[in-house]
Amino acid sequence: IPGYGDSPPVEMAVTAQGRRTFLERVFQELDMQRTVLVSPSMSGRFSLPFLLAHGDRLAGFVPIAPVGTKDYTAEQYRGVQTPTLILYGDRDTGLAPQALQNLQHLPEHRVAVLPGAGHACYLDKPEAFHQALLGFLRLLK
């Protein structure tokens with residue numbers, strides 16, 4: 001994610017609109033169409049503005065306890081028709097419940113909880129994570 005960890009800061013990543021534009025450009029440069037966007041943790045700052053503006057461009061959305069879910073209203077989420085798999089570990093008692101509370105307003109969502117997994121559930125329980133993800137992908141057209 002630009003501006004996090006050891007990556008250099010990107011001026012456009014300062015605002016939600018800038019982060020959305022950044023992700024739009026990534027999709028455009030890679031010629032990605034009908035993509036499934038998997039969004040763990042901090043990437044929510046990029047994926048959520050994109051989802052709300054361009055959810056129709058996505059075949060699916062897989063938020064994994066993303067940050068920033070409280071920045072949007074239930075009404076904004078209700079306007080998104082993108083099939084969504086809300087995925088998290090049951091030991092993530094901080095961010096996951098807040099994300100679920102907000103993301104459950106997405107009308108086309110289902111939920112997968114990975115027992116014994118924390119915030120980075122894909123690292124804690126990779127086999128269960130991949131099973132849940134592949135099961136969701138099979139449901140998409």
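Just the heavy atoms: all of them, side chains too, but no hydrogens, waters or symmetry mates, feed the values below. As the structure is a prediction and not an experimental result, all values here were calculated from the model.
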Output all residues satisfying side-chain hydrogen bond (donor to acceptor under 3.5 Å, both in side chains) with Gln33, sequence neighbours left out; order by chain, then residue number.
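So Gln33 forms a side-chain hydrogen bond (donor to acceptor under 3.5 Å, both in side chains) with Asp31.
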Can you list the residues that meet the side-chain hydrogen bond (donor to acceptor under 3.5 Å, both in side chains) rule with Ser47, with sequence neighbours excluded?
Ser39
Working to the nearest 0.5 Å, report the span between [atom1] of [X] and [atom2] of [Y].
| X | Y | atom1 | atom2 | value |
| --- | --- | --- | --- | --- |
| Gln98 | Thr93 | CD | OG1 | 12.0 Å |
| Thr84 | Leu51 | OG1 | CG | 6.0 Å |
| Leu95 | Met42 | CG | CE | 10.0 Å |
| Leu103 | Leu48 | CG | CG | 6.5 Å |
| Arg19 | Phe46 | CZ | CZ | 6.5 Å |

Please table the atom pairs, donor to acceptor, closer than 3.5 Å between any side-chain atom in residues 54-70 and protein atoms at least two apart or in another chain.
from  : atom 1 : to     : atom 2 : distance (Å)
His54 : ND1    : Arg57  : NH2    : 3.4
His54 : NE2    : Glu24  : OE2    : 2.4
Thr69 : OG1    : Asn102 : ND2    : 3.0

Return the minimal non-hydrogen interatomic distance between [X] and [Y], and the atom names on each side.
| X | Y | value |
| --- | --- | --- |
| Leu106 | Tyr77 | CD2-O, 3.4 Å |
| Pro83 | Leu140 | CB-CD2, 3.6 Å |
| Ile86 | Gln104 | CD1-N, 4.0 Å |
| Arg20 | Pro49 | CD-O, 3.5 Å |
| His109 | Val111 | CD2-CG2, 3.8 Å |

Check whether any side-chain N or O of Gln76 sits under 3.5 Å from a backbone N or O of Thr73 as a donor-acceptor pair, and report yes or no.
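Yes: the side chain of Gln76 pairs with the backbone of Thr73.
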Phe27 side chain near Leu37 side chain, heavy-atom distance below 4.5 Å:
yes
Check whether any side-chain heavy atom of Leu114 lies under 4.5 Å from a side-chain heavy atom of Leu87, and answer yes or no.
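Yes, side chains in contact.
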Sort and list the pairs that fulfil salt bridge (charged side-chain N to carboxylate O under 4.0 Å, His left out) and have at least one residue in residues 81-102, not counting sequence neighbours.
none
Contact list for residues 78-88, test salt bridge (charged side-chain N to carboxylate O under 4.0 Å, His left out), sequence neighbours left out
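Listed once each, the pairs are Glu75-Arg78.
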For residues 121-135, please give each side-chain donor-acceptor pair under 3.5 Å, one per line with the distance, not counting sequence neighbours.
from   : atom 1 : to     : atom 2 : distance (Å)
Asp124 : OD2    : Gly118 : N      : 2.6
His130 : ND1    : Pro126 : O      : 2.7

